[in-house]
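To find a chain, count down the sequence lines: A is the first, B the second, and so on, and within it residues start at 1.
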Amino acid sequence: MYATKYAKATSLQDAVAKLAAADDGKFLGGGQTLLATMKQRLAAPSDLIDVTKIPELKGITVEGDTIVVGAASTHSEVAQSADIQRLLPVLSGLAATIGDPAVRNMGTMGGSVANNDPAADYPAALLGLNATVTTSKGSYAAEEFFTGIFETALDEDEIIVKIAFPIPQKAAYEKFRNPASRYSLCSVFVAMTADGPRVAVTGSGNDGVFRVAEMEAALASNWSADAVSGITIDPDTMLSDIHGSAEYRAHLVTVLAARAVAKAG
Amino acid sequence: MSEVKLTVNGRAVSRDVEDRTLLVDFIREHLGLTGTHVGCDTSQCGACTVHIDGKAVKSCTVLATQVDGASVTTIEGLADGDTLHPMQSAFRTHHGLQCGFCTPGMIMMAVDIVKRHPEGLDEETIRKELEGNICRCTGYHNIVKSIEAGAADMGGAKMAAE
Ligand SMILES: Cc1cc2nc3c(=O)[nH]c(=O)nc-3n(C[C@H](O)[C@H](O)[C@H](O)COP(=O)(O)OP(=O)(O)OC[C@H]3O[C@@H](n4cnc5c(N)ncnc54)[C@H](O)[C@@H]3O)c2cc1C
Ligand code: FES
Ligand code: FES
């Protein structure tokens, strides 16, 4: 790791001011992605501004029929939250599949969402539940927030504050994990929301997380595994690497979508 | 440079270190506590697992400054004087190690697993919870057996002071 300076931000304003004062600063969440990247010298920020102690980024609350998760909430806190387990168990269940217990104790939802790794799990939950991302500058529907692989609508000096998940009528997540990295090779999130069914796929799209409109339409008239099991995905839209070919991933999307629908009941 | 103050195994310590100092290097190089190992250095293997404020983390992927003020427990902090922690005893009794390189991390994770599962542990849960701790020697069989036994012994014994 190249030399860097570390500072804790005490408020959103403080974080933004510290970033502005730095040569080439970066916000730090739990560090489970950024520190690893810095150790490989693939990133070399002059300053790290830790946002995890900012009060607005802390806590998990229930607001009507929405669960609001502070961006600094760790994956463990999401997995173990009694409110989430009771009202949105699909989200606590998803968080419990991220990495391993030690990674979950440090990694945060804000860091994962800001990073938008094409194999990350939370992006599927945000897109599948039509979540809203509130930042230091405004708010975004999940759809407009994720703009491509490792790309989001965030400005350099914009901080994710919280993420609001509307509670669906039912939902399920089927994760097919890469056994070595534990990230998603292909995973499908399905939900019956107030605005109809949603199907979101992570780990596989060559443009990052995406929705499958054809499956959503089929589920709107018939919520059953059979409704999606005949719908195929174009391999040209899929990632291809040593872990799985585009054809393999395209096939997985259909299989996992059917399983997720069955699991949601 | 920053001054980092920690409570390590119950002892208050403070050192001036470069901001980029990883917690594992702080523990090993600056405090001389070499029981915490570095296996992969890429947050995969879990050999560097320690507890920060009672929670297991991989100390190769945390900056010392990041946890300034925290209470850290390493493998050296588990035993009570000459009396091994029940989980350490269980690893010895059940031959839960071969070369021993992964063992400090395995034991720190094992204690964390037991604390998070007051309802008790079965083999499947232990194997799932160990997904971030890699052993190149044992094939895990005796590690799982050790943790099952250690968990039972911890139920009766008092928890290590943290
Ligand atoms: C062994 C291992 C296995 C893993 N397995 C999985 C897995 O199965 N599924 C999965 O989804 N992920 C997995 N991860 C990644 C993990 O979820 C990370 O925690 C996450 O990607 C990054 O979160 P962080 O809080 O550590 O962010 P950091 O590493 O601190 O930051 C990541 C990026 O987000 C930015 N950032 C952080 N917080 C904010 C904020 N509040 N506002 C704006 N920008 C911010 C940073 O500037 C940086 O660019 C794994 C990681 C490891 C090490
Ligand atoms: S050395 Fe930290 S996880 Fe391997
Ligand atoms: S005992 Fe050798 S690595 Fe586990």
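- In this structure, B:Gln66 CD and A:Lys8 NZ are separated by 7.5 Å, a value rounded to the nearest 0.5 Å.
- Note on B:Thr49, B:Asp68, B:Val62: by heavy-atom pairs under 4.5 Å with chain A, the leading option is B:Val62.
- Remark: A:Lys58 NZ is packed, more than 12 non-hydrogen atoms of other residues, nucleotides or ligands lying under 6.0 Å away.
- Rounded to the nearest 0.5 Å, atoms CG (B:Leu23) and CG (A:Leu35) are 11.5 Å apart.
- For the atom pair CG of B:Asp19 and CG of A:Asp47, the computed distance is 9.0 Å after rounding to the nearest 0.5 Å.
- Contact count versus chain A (heavy atoms, under 4.5 Å) is highest, among B:Lys128, B:Glu18, B:Glu129, for B:Glu129.
- Few gaps surround CD on B:Glu3; more than 12 heavy atoms of other groups in view lie less than 6.0 Å from it.
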request  = Apply side-chain contact (heavy atoms from CB on, under 4.5 Å) to the pair B:Leu22 and A:Lys39, showing each step before the final yes or no.
outcome  = CA-CA 10 Å; B:Leu22 297 168; A:Lys39 284 166 73 177; 3.8 Å; yes

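- Distance alone, capped at 3.5 Å, places no donor-acceptor pair between the A:Asn105 side chain and the B:Lys55 backbone.
- Counted within 6.0 Å of CZ on B:Arg127, heavy atoms from surrounding residues, nucleotides or ligands total more than 12; the atom is thus considered enclosed.
- No donor-acceptor pair under 3.5 Å is formed between the side chain of B:Arg116 and the backbone N or O of A:Pro101.
- Around atom CD of B:Glu119, more than 12 heavy atoms belonging to other residues, nucleotides or ligands sit under 6.0 Å away.
- Of all heavy-atom pairs spanning B:Ser43 and A:Val103, the tightest one is O-CG2, 4.5 Å.
- Within 6.0 Å of atom NE2 in A:His251, 12 or fewer heavy atoms from other residues, nucleotides or ligands are found, so the atom counts as exposed in its surroundings.
- A:Tyr6 contributes atom OH, which lies 13.0 Å from atom OG1 of B:Thr21 (distance to the nearest 0.5 angstrom).
- There is no contact between A:Ala7 and chain B, counting heavy-atom distances below 4.5 Å.
- No part of B:Asn133 comes within reach of chain A, as not one of its non-hydrogen atoms sits under 4.5 angstrom from that chain.
- Remark: B:Arg20 CZ to A:Leu48 CG distance equals 12.0 Å, nearest 0.5 Å.
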inquiry  = Evaluate B:Leu63 against A:Met1 for side-chain contact (heavy atoms from CB on, under 4.5 Å), listing each step before the verdict.
reply    = CA-CA 11 Å; B:Leu63 298 174; A:Met1 190 187 296; 4.2 Å; yes

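- At a 4.5 Å heavy-atom cutoff, B:Met1 makes no contact with chain A through either its backbone or its side chain.
- A:Lys5 NZ: 12 or fewer foreign heavy atoms inside a 6.0 Å radius.
- A:Gln80 touches chain B through its side chain: at least one heavy atom from C-beta onward sits under 4.5 Å away, while N, CA, C and O do not.
- In this structure, the portions of B:Thr61 lying under 4.5 Å from any heavy atom of chain A include both its backbone and its side chain.
- In this structure, the portion of A:Leu28 lying under 4.5 Å from any heavy atom of chain B is its side chain and not its backbone.
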request  = Go through the steps to decide whether A:Asp100 and B:Lys58 satisfy the test side-chain contact (heavy atoms from CB on, under 4.5 Å), and finish with yes or no.
outcome  = CA-CA 10 Å; A:Asp100 57 62; B:Lys58 292 178 168 178; 2.6 Å; yes

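- Under the 4.0 Å criterion applied to side-chain N and carboxylate O atoms, B:Glu131 and A:Arg177 are assigned as salt-bridge partners.
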